[in-house]
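One structure below.
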Amino acid sequence: MTRTDEELMRDIAEGSRAALTELYRRYERPVYGFALRMVRDSQAAEEIVQDVFTRIWKARDSFNPSSASLRTWMLTIAKRIAIDYIRSRQRRGTLALDSEEKTYDVPDRAALPDEMASHADTSRQIRQALDSLPSDQRIPIERMYYEGLTQQEIAEILSVPIGTVKSRIRLGMEKLRRQLTSVEMEETL
Amino acid sequence: MDTQELCSMREAYVLDGLTDEERRHFEEHLKTCKECQQEVTALQEVADWMLYDFDEVEIPDGMESRVLASVFGDELFEEGSVAIRSGGAKTGSAMDSRPAVDSGSAMDSGHIVRIPQASRPSRRTSVLRWLTPIAASVLILAGGSAYLYRQSLGLSPLRESVGTVQAQLPMTAVTKGSAAVLTVADRLSQQSLLIRFSGLPETKGSQIYQVWAIRPGQAPKSLGVFYPGRHGQALFASVLPKGYPTVAVTLEPHAIDKQPEGKKMFVANLT
Ligand SMILES: [Zn+2]
(Lines give C-alpha, C1' and ligand atoms only; values in the text may rest on other atoms or scores of the structure.)
Protein backbone atom coordinates (compact mmCIF):
# COMPACT_ATOMS: atom_id res chain seq x y z
CA MET A 1 0.00 0.00 0.00
CA THR A 2 1.39 3.34 -0.96
CA ARG A 3 1.59 5.88 1.78
CA THR A 4 0.55 9.42 1.04
CA ASP A 5 3.08 12.20 1.36
CA GLU A 6 1.41 13.27 4.60
CA GLU A 7 1.70 9.79 6.09
CA LEU A 8 5.28 9.63 5.00
CA MET A 9 6.09 12.94 6.63
CA ARG A 10 4.38 11.89 9.83
CA ASP A 11 6.46 8.72 9.96
CA ILE A 12 9.62 10.71 9.27
CA ALA A 13 8.72 13.05 12.10
CA GLU A 14 8.63 9.98 14.31
CA GLY A 15 12.11 9.05 13.20
CA SER A 16 11.44 6.35 10.64
CA ARG A 17 14.42 5.88 8.40
CA ALA A 18 12.42 3.67 6.10
CA ALA A 19 10.02 6.57 5.56
CA LEU A 20 12.84 8.97 4.76
CA THR A 21 14.26 6.43 2.35
CA GLU A 22 10.87 6.22 0.67
CA LEU A 23 10.63 9.99 0.53
CA TYR A 24 14.06 10.06 -1.02
CA ARG A 25 13.07 7.56 -3.68
CA ARG A 26 9.91 9.49 -4.42
CA TYR A 27 11.62 12.86 -4.83
CA GLU A 28 15.22 12.14 -5.75
CA ARG A 29 14.56 12.74 -9.42
CA PRO A 30 12.84 16.14 -9.26
CA VAL A 31 15.16 17.45 -6.55
CA TYR A 32 18.22 16.36 -8.49
CA GLY A 33 16.83 17.64 -11.78
CA PHE A 34 16.04 20.99 -10.23
CA ALA A 35 19.42 21.25 -8.48
CA LEU A 36 21.21 20.45 -11.72
CA ARG A 37 19.19 23.10 -13.52
CA MET A 38 20.29 25.61 -10.89
CA VAL A 39 23.99 24.81 -10.55
CA ARG A 40 24.71 23.06 -13.84
CA ASP A 41 27.19 20.74 -12.26
CA SER A 42 26.32 17.14 -11.45
CA GLN A 43 28.54 16.83 -8.41
CA ALA A 44 27.26 20.06 -6.87
CA ALA A 45 23.71 18.96 -7.68
CA GLU A 46 24.25 15.73 -5.78
CA GLU A 47 25.58 17.68 -2.81
CA ILE A 48 22.45 19.78 -2.87
CA VAL A 49 20.27 16.67 -2.89
CA GLN A 50 22.24 15.40 0.08
CA ASP A 51 21.82 18.70 1.88
CA VAL A 52 18.07 18.79 1.23
CA PHE A 53 17.47 15.37 2.74
CA THR A 54 19.88 15.99 5.59
CA ARG A 55 17.99 19.14 6.52
CA ILE A 56 14.67 17.40 6.34
CA TRP A 57 15.95 14.59 8.53
CA LYS A 58 17.52 16.90 11.06
CA ALA A 59 14.47 19.14 11.28
CA ARG A 60 11.98 16.28 11.32
CA ASP A 61 10.81 17.20 14.82
CA SER A 62 9.79 20.66 13.78
CA PHE A 63 8.43 20.62 10.27
CA ASN A 64 4.85 21.04 9.39
CA PRO A 65 3.81 18.38 6.91
CA SER A 66 0.52 20.11 6.16
CA SER A 67 2.24 22.89 4.29
CA ALA A 68 1.25 23.11 0.65
CA SER A 69 2.62 20.54 -1.74
CA LEU A 70 5.52 18.49 -0.50
CA ARG A 71 7.15 18.60 -3.90
CA THR A 72 7.06 22.40 -3.97
CA TRP A 73 8.32 22.56 -0.42
CA MET A 74 11.28 20.31 -1.23
CA LEU A 75 12.12 22.22 -4.39
CA THR A 76 12.00 25.43 -2.37
CA ILE A 77 14.53 24.03 0.08
CA ALA A 78 16.68 22.87 -2.83
CA LYS A 79 16.47 26.32 -4.34
CA ARG A 80 17.64 28.04 -1.17
CA ILE A 81 20.60 25.70 -0.90
CA ALA A 82 21.42 26.05 -4.58
CA ILE A 83 21.34 29.84 -4.37
CA ASP A 84 23.77 29.76 -1.44
CA TYR A 85 26.00 27.57 -3.53
CA ILE A 86 25.73 29.79 -6.62
CA ARG A 87 26.45 32.90 -4.62
CA SER A 88 29.51 31.40 -3.00
CA ARG A 89 30.71 30.35 -6.42
CA GLN A 90 30.14 33.88 -7.68
CA ARG A 91 32.13 35.26 -4.80
CA ARG A 92 34.95 33.02 -5.81
CA GLY A 93 34.67 34.53 -9.26
CA THR A 94 34.07 31.37 -11.20
CA LEU A 95 30.82 32.56 -12.64
CA ALA A 96 30.93 35.60 -14.82
CA LEU A 97 28.41 38.09 -13.54
CA ASP A 98 28.21 40.03 -16.74
CA SER A 99 27.21 37.25 -19.07
CA GLU A 100 23.77 37.94 -20.38
CA GLU A 101 22.72 34.50 -21.34
CA LYS A 102 24.19 31.25 -20.27
CA THR A 103 23.92 27.94 -21.92
CA TYR A 104 24.31 24.75 -20.02
CA ASP A 105 24.50 21.12 -20.78
CA VAL A 106 22.26 18.70 -19.09
CA PRO A 107 22.57 14.97 -19.50
CA ASP A 108 20.27 13.22 -21.90
CA ARG A 109 16.79 12.83 -20.64
CA ALA A 110 16.26 9.55 -18.97
CA ALA A 111 13.53 7.25 -20.12
CA LEU A 112 10.73 8.50 -17.98
CA PRO A 113 7.99 6.51 -16.38
CA ASP A 114 4.48 7.63 -17.25
CA GLU A 115 4.01 9.55 -14.05
CA MET A 116 6.87 11.79 -15.04
CA ALA A 117 5.11 12.86 -18.20
CA SER A 118 3.07 15.37 -16.25
CA HIS A 119 6.27 16.96 -15.05
CA ALA A 120 7.39 17.30 -18.64
CA ASP A 121 4.12 19.11 -19.36
CA THR A 122 4.52 21.46 -16.44
CA SER A 123 8.11 22.27 -17.22
CA ARG A 124 7.27 22.90 -20.87
CA GLN A 125 4.46 25.25 -19.89
CA ILE A 126 6.61 27.30 -17.57
CA ARG A 127 9.47 27.37 -20.06
CA GLN A 128 7.14 28.52 -22.83
CA ALA A 129 5.69 31.16 -20.55
CA LEU A 130 9.14 32.46 -19.65
CA ASP A 131 10.30 32.36 -23.25
CA SER A 132 7.28 34.36 -24.32
CA LEU A 133 8.41 37.33 -22.24
CA PRO A 134 10.47 40.09 -23.81
CA SER A 135 14.07 39.44 -22.81
CA ASP A 136 14.32 42.71 -20.86
CA GLN A 137 11.65 41.31 -18.55
CA ARG A 138 12.64 37.67 -18.63
CA ILE A 139 16.34 38.14 -17.87
CA PRO A 140 15.95 40.09 -14.62
CA ILE A 141 13.27 37.66 -13.42
CA GLU A 142 15.41 34.64 -14.19
CA ARG A 143 18.57 36.08 -12.72
CA MET A 144 16.81 37.06 -9.55
CA TYR A 145 14.96 33.81 -9.10
CA TYR A 146 17.41 31.23 -10.41
CA GLU A 147 20.69 32.94 -9.56
CA GLY A 148 19.79 34.76 -6.38
CA LEU A 149 20.73 38.23 -7.55
CA THR A 150 19.20 41.23 -5.80
CA GLN A 151 17.41 44.11 -7.52
CA GLN A 152 20.47 46.27 -6.96
CA GLU A 153 22.86 43.72 -8.44
CA ILE A 154 20.71 43.29 -11.51
CA ALA A 155 20.50 47.05 -11.95
CA GLU A 156 24.28 47.23 -11.88
CA ILE A 157 24.79 44.35 -14.27
CA LEU A 158 22.27 45.69 -16.77
CA SER A 159 23.34 49.30 -16.20
CA VAL A 160 19.80 50.51 -15.67
CA PRO A 161 18.22 52.30 -12.71
CA ILE A 162 16.79 50.07 -9.99
CA GLY A 163 13.32 51.47 -10.70
CA THR A 164 13.59 50.15 -14.25
CA VAL A 165 14.51 46.71 -12.98
CA LYS A 166 11.51 46.74 -10.68
CA SER A 167 9.06 47.78 -13.35
CA ARG A 168 10.36 45.24 -15.88
CA ILE A 169 10.07 42.50 -13.30
CA ARG A 170 6.58 43.65 -12.34
CA LEU A 171 5.41 43.61 -15.97
CA GLY A 172 6.96 40.20 -16.58
CA MET A 173 5.44 38.71 -13.45
CA GLU A 174 2.00 40.03 -14.42
CA LYS A 175 2.27 38.27 -17.77
CA LEU A 176 3.39 35.03 -16.14
CA ARG A 177 0.52 35.27 -13.75
CA ARG A 178 -2.00 35.59 -16.56
CA GLN A 179 -0.47 32.60 -18.34
CA LEU A 180 -0.51 30.53 -15.19
CA THR A 181 -4.15 31.39 -14.65
CA SER A 182 -5.01 30.30 -18.18
CA VAL A 183 -3.10 27.03 -17.74
CA GLU A 184 -5.01 26.36 -14.56
CA MET A 185 -8.30 27.07 -16.28
CA GLU A 186 -7.47 24.66 -19.09
CA GLU A 187 -6.65 22.01 -16.57
CA THR A 188 -9.91 22.37 -14.72
CA LEU A 189 -11.98 22.19 -17.89
CA MET B 1 11.18 53.85 3.33
CA ASP B 2 7.73 55.05 2.32
CA THR B 3 4.75 52.84 1.71
CA GLN B 4 4.93 53.10 -2.04
CA GLU B 5 8.52 51.96 -2.03
CA LEU B 6 7.70 49.08 0.27
CA CYS B 7 4.79 47.98 -1.91
CA SER B 8 7.13 48.01 -4.91
CA MET B 9 9.18 45.21 -3.36
CA ARG B 10 6.49 42.55 -3.73
CA GLU B 11 7.88 40.90 -6.84
CA ALA B 12 11.43 40.87 -5.57
CA TYR B 13 10.15 39.46 -2.30
CA VAL B 14 8.57 36.39 -3.88
CA LEU B 15 11.54 35.96 -6.23
CA ASP B 16 13.97 36.04 -3.28
CA GLY B 17 15.63 39.14 -4.68
CA LEU B 18 15.66 41.32 -1.58
CA THR B 19 18.62 41.83 0.70
CA ASP B 20 18.11 40.59 4.24
CA GLU B 21 17.47 44.10 5.43
CA GLU B 22 14.97 44.86 2.68
CA ARG B 23 13.21 41.60 3.38
CA ARG B 24 12.83 42.43 7.06
CA HIS B 25 11.35 45.82 6.20
CA PHE B 26 9.01 44.30 3.67
CA GLU B 27 7.83 41.54 6.00
CA GLU B 28 7.05 44.16 8.62
CA HIS B 29 5.06 46.08 6.01
CA LEU B 30 3.33 42.90 4.85
CA LYS B 31 1.75 42.44 8.24
CA THR B 32 -0.42 45.49 7.73
CA CYS B 33 -0.73 46.04 3.95
CA LYS B 34 -3.81 44.19 2.70
CA GLU B 35 -2.98 44.82 -0.95
CA CYS B 36 0.51 43.38 -0.59
CA GLN B 37 -0.88 40.35 1.22
CA GLN B 38 -3.20 39.59 -1.68
CA GLU B 39 -0.61 40.27 -4.33
CA VAL B 40 2.12 38.26 -2.62
CA THR B 41 -0.18 35.27 -2.37
CA ALA B 42 -0.89 35.42 -6.09
CA LEU B 43 2.72 36.10 -7.04
CA GLN B 44 3.92 33.26 -4.86
CA GLU B 45 1.95 30.88 -7.03
CA VAL B 46 3.86 32.11 -10.05
CA ALA B 47 7.16 31.75 -8.22
CA ASP B 48 6.27 28.21 -7.13
CA TRP B 49 5.34 27.37 -10.68
CA MET B 50 8.78 28.57 -11.78
CA LEU B 51 10.34 25.88 -9.59
CA TYR B 52 9.27 23.41 -12.24
CA ASP B 53 11.45 24.80 -14.97
CA PHE B 54 13.79 21.85 -15.15
CA ASP B 55 14.19 18.58 -16.99
CA GLU B 56 14.14 15.29 -15.22
CA VAL B 57 17.48 13.68 -15.95
CA GLU B 58 19.30 10.45 -15.30
CA ILE B 59 20.61 10.45 -11.77
CA PRO B 60 24.23 9.51 -11.03
CA ASP B 61 25.06 5.90 -10.23
CA GLY B 62 25.07 5.14 -6.55
CA MET B 63 23.65 8.50 -5.52
CA GLU B 64 21.01 6.99 -3.28
CA SER B 65 23.46 5.06 -1.13
CA ARG B 66 25.82 8.02 -0.89
CA VAL B 67 23.08 10.45 0.08
CA LEU B 68 21.37 8.17 2.59
CA ALA B 69 24.67 7.14 4.16
CA SER B 70 25.41 10.78 4.69
CA VAL B 71 21.95 11.63 6.03
CA PHE B 72 21.85 8.76 8.51
CA GLY B 73 25.57 8.70 9.13
CA ASP B 74 25.32 11.83 11.21
CA GLU B 75 23.53 10.25 14.05
CA LEU B 76 25.25 6.95 13.90
CA PHE B 77 28.25 8.85 14.97
CA GLU B 78 29.70 7.50 18.15
CA GLU B 79 30.27 10.01 20.84
CA GLY B 80 33.79 9.94 22.09
CA SER B 81 35.30 8.62 18.92
CA VAL B 82 36.13 12.03 17.57
CA ALA B 83 39.41 11.62 15.87
CA ILE B 84 39.95 15.02 14.56
CA ARG B 85 39.13 18.19 16.31
CA SER B 86 39.34 21.56 14.76
CA GLY B 87 42.90 22.70 14.77
CA GLY B 88 41.89 26.31 14.37
CA ALA B 89 43.57 28.70 12.05
CA LYS B 90 47.19 27.88 11.97
CA THR B 91 49.93 29.53 10.11
CA GLY B 92 51.93 27.60 7.63
CA SER B 93 51.04 25.32 4.82
CA ALA B 94 47.96 26.58 3.11
CA MET B 95 45.82 24.82 0.62
CA ASP B 96 47.51 26.25 -2.41
CA SER B 97 51.03 25.60 -1.25
CA ARG B 98 50.52 21.99 -0.51
CA PRO B 99 53.96 20.46 -0.15
CA ALA B 100 52.78 16.99 -0.83
CA VAL B 101 54.71 14.17 0.72
CA ASP B 102 53.71 11.90 -2.07
CA SER B 103 52.03 12.74 -5.31
CA GLY B 104 48.79 11.17 -4.22
CA SER B 105 48.50 12.89 -0.90
CA ALA B 106 45.46 14.88 -1.82
CA MET B 107 42.35 13.27 -3.09
CA ASP B 108 38.63 13.45 -3.02
CA SER B 109 37.09 11.33 -0.42
CA GLY B 110 34.03 9.27 -0.44
CA HIS B 111 31.47 9.87 2.20
CA ILE B 112 32.63 8.97 5.61
CA VAL B 113 30.20 7.40 7.96
CA ARG B 114 30.67 6.07 11.43
CA ILE B 115 28.69 3.61 13.40
CA PRO B 116 28.30 3.40 17.12
CA GLN B 117 29.33 0.52 19.24
CA ALA B 118 26.58 -2.00 19.12
CA SER B 119 25.62 -1.44 22.73
CA ARG B 120 25.21 2.27 22.38
CA PRO B 121 21.64 3.45 22.10
CA SER B 122 21.22 5.72 19.15
CA ARG B 123 20.71 9.27 20.16
CA ARG B 124 17.81 11.01 18.59
CA THR B 125 19.47 14.36 18.29
CA SER B 126 23.15 13.92 18.14
CA VAL B 127 25.41 16.88 18.18
CA LEU B 128 27.89 16.68 15.41
CA ARG B 129 31.44 17.50 16.06
CA TRP B 130 32.89 17.53 12.65
CA LEU B 131 31.20 14.87 10.66
CA THR B 132 28.51 16.91 9.08
CA PRO B 133 27.84 15.64 5.60
CA ILE B 134 31.14 15.74 3.94
CA ALA B 135 31.08 16.77 0.36
CA ALA B 136 34.72 16.19 -0.28
CA SER B 137 37.70 15.98 1.94
CA VAL B 138 41.34 16.29 1.21
CA LEU B 139 44.08 14.90 3.34
CA ILE B 140 47.25 16.93 3.27
CA LEU B 141 50.48 15.63 4.63
CA ALA B 142 52.95 18.41 5.09
CA GLY B 143 56.11 18.78 7.06
CA GLY B 144 55.39 15.71 9.13
CA SER B 145 51.89 16.87 10.04
CA ALA B 146 48.55 15.75 8.74
CA TYR B 147 45.67 18.06 8.00
CA LEU B 148 42.22 17.28 6.87
CA TYR B 149 40.47 19.80 4.68
CA ARG B 150 36.76 19.47 4.66
CA GLN B 151 35.04 20.94 1.69
CA SER B 152 31.44 21.45 2.46
CA LEU B 153 28.82 22.97 0.30
CA GLY B 154 29.32 26.64 -0.29
CA LEU B 155 31.95 27.04 2.35
CA SER B 156 35.65 27.50 2.08
CA PRO B 157 37.52 24.40 3.17
CA LEU B 158 37.86 23.86 6.87
CA ARG B 159 41.30 22.83 7.90
CA GLU B 160 41.65 20.50 10.79
CA SER B 161 44.88 19.37 12.28
CA VAL B 162 45.10 15.67 12.78
CA GLY B 163 48.50 15.81 14.41
CA THR B 164 51.98 14.58 13.73
CA VAL B 165 52.38 11.76 11.29
CA GLN B 166 53.80 8.78 13.11
CA ALA B 167 53.59 6.13 10.50
CA GLN B 168 52.50 5.69 6.96
CA LEU B 169 52.25 2.33 5.29
CA PRO B 170 50.45 0.69 2.42
CA MET B 171 47.82 -1.84 3.39
CA THR B 172 47.93 -5.25 1.81
CA ALA B 173 45.16 -5.42 -0.75
CA VAL B 174 43.23 -8.59 -1.41
CA THR B 175 41.63 -7.31 -4.61
CA LYS B 176 43.76 -6.39 -7.57
CA GLY B 177 43.61 -2.80 -8.70
CA SER B 178 42.65 -1.36 -5.34
CA ALA B 179 45.05 0.30 -2.96
CA ALA B 180 45.00 1.78 0.51
CA VAL B 181 47.56 3.82 2.39
CA LEU B 182 47.23 4.01 6.12
CA THR B 183 48.46 6.96 8.14
CA VAL B 184 48.70 7.11 11.89
CA ALA B 185 48.84 10.58 13.37
CA ASP B 186 49.21 11.61 16.94
CA ARG B 187 47.77 14.66 18.59
CA LEU B 188 47.26 15.37 22.27
CA SER B 189 48.12 11.77 23.13
CA GLN B 190 45.31 10.56 20.89
CA GLN B 191 46.09 8.51 17.84
CA SER B 192 44.16 9.02 14.65
CA LEU B 193 43.86 6.61 11.82
CA LEU B 194 43.49 7.90 8.29
CA ILE B 195 43.19 5.61 5.32
CA ARG B 196 43.13 6.73 1.74
CA PHE B 197 41.64 4.30 -0.69
CA SER B 198 41.67 4.13 -4.43
CA GLY B 199 40.28 1.68 -6.94
CA LEU B 200 37.69 0.32 -4.54
CA PRO B 201 35.06 -1.88 -6.12
CA GLU B 202 31.64 -0.22 -6.06
CA THR B 203 29.24 -1.30 -3.39
CA LYS B 204 26.09 -3.09 -4.49
CA GLY B 205 22.74 -3.15 -2.73
CA SER B 206 23.21 -2.88 1.02
CA GLN B 207 26.96 -3.46 0.87
CA ILE B 208 29.24 -1.14 2.75
CA TYR B 209 32.91 -0.98 3.60
CA GLN B 210 33.79 -1.34 7.27
CA VAL B 211 37.06 -0.72 9.09
CA TRP B 212 38.10 -2.86 12.06
CA ALA B 213 40.75 -2.75 14.75
CA ILE B 214 41.91 -6.23 15.61
CA ARG B 215 43.59 -7.57 18.74
CA PRO B 216 44.39 -11.27 19.09
CA GLY B 217 41.98 -13.12 21.31
CA GLN B 218 39.32 -10.42 21.22
CA ALA B 219 36.37 -9.53 19.05
CA PRO B 220 37.28 -7.04 16.35
CA LYS B 221 36.33 -3.49 17.15
CA SER B 222 34.46 -1.57 14.47
CA LEU B 223 35.96 1.81 13.66
CA GLY B 224 33.31 2.83 11.20
CA VAL B 225 31.84 2.31 7.78
CA PHE B 226 32.06 4.19 4.53
CA TYR B 227 31.08 4.21 0.91
CA PRO B 228 33.60 4.96 -1.80
CA GLY B 229 33.14 8.13 -3.78
CA ARG B 230 33.56 8.57 -7.48
CA HIS B 231 36.26 6.47 -9.10
CA GLY B 232 36.41 4.19 -6.07
CA GLN B 233 38.15 6.70 -3.88
CA ALA B 234 37.60 7.24 -0.19
CA LEU B 235 39.18 8.84 2.78
CA PHE B 236 38.43 7.27 6.14
CA ALA B 237 39.25 8.90 9.46
CA SER B 238 38.77 7.61 12.97
CA VAL B 239 40.34 7.42 16.38
CA LEU B 240 42.77 4.54 16.62
CA PRO B 241 42.13 2.77 19.89
CA LYS B 242 45.21 1.82 21.88
CA GLY B 243 46.53 -1.70 21.87
CA TYR B 244 45.19 -2.92 18.56
CA PRO B 245 48.07 -4.08 16.37
CA THR B 246 46.08 -4.80 13.21
CA VAL B 247 43.69 -2.83 11.06
CA ALA B 248 41.51 -4.54 8.48
CA VAL B 249 38.91 -3.41 5.99
CA THR B 250 36.02 -5.60 4.91
CA LEU B 251 33.24 -5.29 2.40
CA GLU B 252 30.19 -6.06 4.50
CA PRO B 253 26.87 -7.30 3.18
CA HIS B 254 24.87 -5.04 5.53
CA ALA B 255 25.25 -1.54 6.79
CA ILE B 256 25.82 -2.24 10.45
CA ASP B 257 27.51 -5.46 11.39
CA LYS B 258 28.79 -6.11 14.87
CA GLN B 259 31.15 -8.76 13.61
CA PRO B 260 32.95 -8.83 10.30
CA GLU B 261 30.98 -11.09 8.00
CA GLY B 262 32.05 -9.83 4.62
CA LYS B 263 35.08 -10.30 2.47
CA LYS B 264 38.36 -8.98 3.81
CA MET B 265 39.71 -6.34 1.45
CA PHE B 266 42.76 -4.87 3.14
CA VAL B 267 44.91 -5.57 6.14
CA ALA B 268 47.83 -3.83 7.79
CA ASN B 269 49.94 -4.56 10.83
CA LEU B 270 50.88 -1.50 12.77
CA THR B 271 53.72 -3.00 14.73
ZN1 LIG C 1 2.07 47.20 0.42
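Numbered from 1 within each chain, the chains take letters A, B, ... in sequence-line order.
From B/Glu11, atom CD reaches atom CG of A/Leu171 across 9.0 Å, with rounding to the nearest 0.5 Å. Rounded to the nearest 0.5 Å, atoms CD1 (B/Ile59) and CG (A/Leu36) are 12.0 Å apart. Taken to the nearest 0.5 Å, the OG1 atom of A/Thr76 stands 7.5 Å off from the CD atom of B/Gln44. Atom CZ of B/Arg66 and atom CD of A/Gln50 lie 9.0 Å apart (nearest 0.5 Å). Distance check: A/Lys166 NZ to B/Arg10 CZ gives 11.5 Å after rounding to the nearest 0.5 Å. Rounded to the nearest 0.5 angstrom, B/Met9 CE and A/Arg170 CZ are separated by 12.0 Å.
Within the 4.5 Å cutoff, the side chain of A/Tyr145 has heavy atoms near those of the B/Leu51 side chain. Looking at heavy atoms from C-beta onward, A/Met173 lies in side-chain contact with B/Leu15 at the 4.5 angstrom threshold. Annotation: side chain of A/Tyr32 is in contact with side chain of B/Pro60 (closest heavy-atom distance under 4.5 Å). You'll find the side chain of B/Asp16 reaches within 4.5 Å of the side chain of A/Arg80, heavy atoms only.
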Pair B/Thr19-A/Gln152, side-chain contact (heavy atoms from CB on, under 4.5 Å): steps then yes or no:
CA-CA 9 Å; B/Thr19 63; A/Gln152 187 62 48; over 6 Å; no
Start with the C-alpha gap between A/Arg17 and B/Leu68, add the side-chain angles, then the distance that decides, and say whether side-chain contact (heavy atoms from CB on, under 4.5 Å) holds.
CA-CA 9 Å; A/Arg17 289 182 190 193; B/Leu68 293 178; over 6 Å; no
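Pairing each heavy atom of B/Gly17 with each of A/Met144, the nearest pair is CA-CG, 3.4 Å. Residue B/Asp55 comes nearest to A/Ser123 through the heavy atom pair OD1-OG, 4.4 Å, listed as atom of the first residue, atom of the second, then distance. Shown here for A/Gly33 and B/Val57, the closest heavy-atom pair between the two residues is CA-CG2, 4.3 Å. Looking at every heavy atom in both residues, B/Met63 comes nearest to A/Tyr24 through CE-OH, 3.4 Å. The two residues A/Gln179 and B/Trp49 have their closest heavy-atom pair at C-CH2, 4.4 Å.
Judged by distance alone, with hydrogens and angles left aside, the side-chain atoms of B/Tyr52 form no donor-acceptor pair with the main-chain N or O of A/Gln125 at under 3.5 Å. Within the 3.5 Å criterion, the main-chain N or O of B/Asp53 finds a donor-acceptor partner in the side chain of A/Arg37.
With a 6.0 Å radius and a threshold of 12 heavy atoms from other residues, nucleotides or ligands, B/Asp2 has its CG atom above the threshold. No more than 12 heavy atoms of other residues, nucleotides or ligands lie within 6.0 Å of CD in B/Glu202, so this atom counts as exposed by the packing criterion.
Residue contact with chain B, scored on non-hydrogen atoms closer than 4.5 Å, is absent for A/Ala78. Contacts between A/Ser167 and chain B at a heavy-atom distance below 4.5 Å are absent for every atom of the residue. Neither the backbone nor the side chain of A/Ile83 has a heavy atom closer than 4.5 Å to any heavy atom of chain B.
In this pair, A/His119 and B/Phe54 present their aromatic rings tilted. The plane angle is within the 30 to 60° band.
Among the candidates A/Leu75, A/Ile141, A/Thr21, the residue making the largest number of heavy-atom pairs closer than 4.5 Å to chain B is A/Leu75.
Checked for salt-bridge contact, B/Glu39 and A/Arg177 meet the test: a charged N lies under 4.0 Å from a carboxylate O.
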